[in-house]
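See structure below.
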Protein chains: 2
Amino acid sequence: MKVNTRKEEIVKTAANLFKDKGFSAVTMRDLATAMGIKAASLYNHINSKQEILKIIIISLAENFTEGMQHILKSDNTSIEKLEQVVKLHVDITSKNTFEMASLNNDWMHLEEKLEYYLTLRSGYENDFRSIILEGVQRGEIRDVNVDVVLFSMLSTLRSLYLWIPKKEDLNPHELSDNLSNVLIHGINK
Amino acid sequence: MKVNTRKEEIVKTAANLFKDKGFSAVTMRDLATAMGIKAASLYNHINSKQEILKIIIISLAENFTEGMQHILKSDNTSIEKLEQVVKLHVDITSKNTFEMASLNNDWMHLEEKLEYYLTLRSGYENDFRSIILEGVQRGEIRDVNVDVVLFSMLSTLRSLYLWIPKKEDLNPHELSDNLSNVLIHGINK
DNA sequence: GTCTATAAGCGGATAGAC
DNA sequence: GTCTATCCGCTTATAGAC
């Protein structure tokens, strides 16, 4: 997210705090202190703490959904599509490490938009699964348990936000290649 | 964890609630209601909310450390050791799905025992890393980026708590085999 | 082992001045 | 856009009766 307006600055600062302690453990006073203002002043820019969470999570989730639709449209091989999915996660996560923590850990605290989020999420998982399944059916992917593959890849990709900040020397392109390599080709000689 | 005493019953119930909403969002009133008693009555069995978190996380973390020490002692191949690590995670997670959520998501809310936990955690990661490194040096494992392999395996294994409850048909032994297969041999034909 | 009553402080949020 | 002052419900935890 670009930080142009004061509101965006507040959301970005909040995401940074949420990443360390989680949504529930961060108070509006914590956020205000981090911004260098008083808690009451925050409400000149945002309506509620809940609104901040909504902005962080929903825009990111829609980002992933759009990216997936684009990948599904192509007529690449299944392996190539999986490589594109890895790239999608690396790209979005590199640009939104703070926000990814909330997407992963605080989505259950969404109120108004929870159902919408869950729809996007399960749609994304189904699309991911269909790529793997297609790969097995076409004979591009070994006949392994599809759910295990989906779970393993998704777990790794969803944890990227924890790892990318610690490996700033690795650029997104390199990281994406390394990850695809390990996730798709395995480690065994 | 076996639930024999009233205290253990409270800790187990708390872990179940923490799994869904996180430590910070669960109140002592929530916990009391789930136990069918009043909040004040909880304090006849436990000293504080913090103590509950400490019990859940520290015993589990020590469990993992012990298991890892046992694996390191053997003179198996590196691939076999990695298979044992997968089995360790599947076994502990199968028996402690609620508690694993807190271990993964709420360790930062530990107070007194935070430093101790972090020592166990980084020790475990170092041991895990050394197995992979040894495998590469012995020529048992492809010459891939060691950190990427560690990250990928750990991310998957640490997310098991989210997945095992949804796949009750899969027994731990089968799951462990499937996971080792995918993580070590990859998916590419 | 559980209850009622209550302390003491923190939580999100609003009103209205500057 | 930020402030001070304030509301008031909820938080963890304790005291003491049953």
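Every chain is numbered from 1 and lettered A, B, ... according to where its sequence line falls, protein lines coming before strand lines.
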Original post:
Is it the case that Lys49(B) places NZ or CZ above or below the six-membered ring of Phe23(B), under 6.0 angstrom from the centre and within 45 degrees of the axis?
Top reply: yes
**OP:** Check whether NZ of the Lys or CZ of the Arg Lys113(A) lies under 6.0 Å from the centre of the six-membered ring of Tyr116(A) and within 45 degrees of that ring's axis.
**Re:** yes
Original post:
With no hydrogens and no angle check, is any side-chain donor or acceptor of Ser159(A) less than 3.5 Å from a backbone partner on Ser155(A)?
Top reply: yes
Subject >> Derivation of the side chain to side chain donor-acceptor pair (under 3.5 Å) call for Arg142(B) and Asn181(A) >> reply: CA-CA 11 Å; Arg142(B) 284 173 56 216; Asn181(A) 189 1; 2.7 Å; yes
Subject >> Boundaries of the chain B footprint along DNA chain C (any atom under 4.0 Å from a heavy atom) >> reply: dG1(C) to dA5(C)
**OP:** Kindly say whether the aromatic ring centers of His70(B) and Phe64(B) come within a distance under 6.0 Å.
**Re:** no
Original post:
Between His109(B) and Tyr117(B), is the ring centre distance below 6.0 Å?
Top reply: no
Original post:
Near DNA chain D, which residues from residues 107-117 of chain B have a heavy atom under 4.0 Å away?
Top reply: none
Subject >> Within residues 38-47 of chain B, residues whose heavy atoms come under 4.0 Å of DNA chain D >> reply: Ala40(B), Tyr43(B)
Original post:
Within this structure, what is the NZ-to-P distance between Lys21(B) and dC10(D), rounded to whole angstrom?
Top reply: 13 Å
Original post:
Picking from Ile71(A), Asn63(A), Thr93(A), what satisfies side chain to side chain contact (heavy atoms under 4.5 Å, CB included) with Leu88(A)?
Top reply: Ile71(A)
Subject >> Qualifying residue, where the test is side chain to side chain contact (heavy atoms under 4.5 Å, CB included) with Val86(B) and the options are Leu160(B), Leu179(B), Val182(B) >> reply: Leu179(B)
Original post:
Is Arg29(B) near enough to dT11(D) that one of its side-chain N or O atoms lies under 4.0 angstrom from OP1 or OP2?
Top reply: yes
Original post:
So does Asp75(B) have more than 12 non-hydrogen atoms from other groups sitting under 6.0 Å from CG?
Top reply: no
Subject >> Electrostatic pair Lys81(A)-Glu134(A), nearest N-O below 4.0 angstrom >> reply: yes
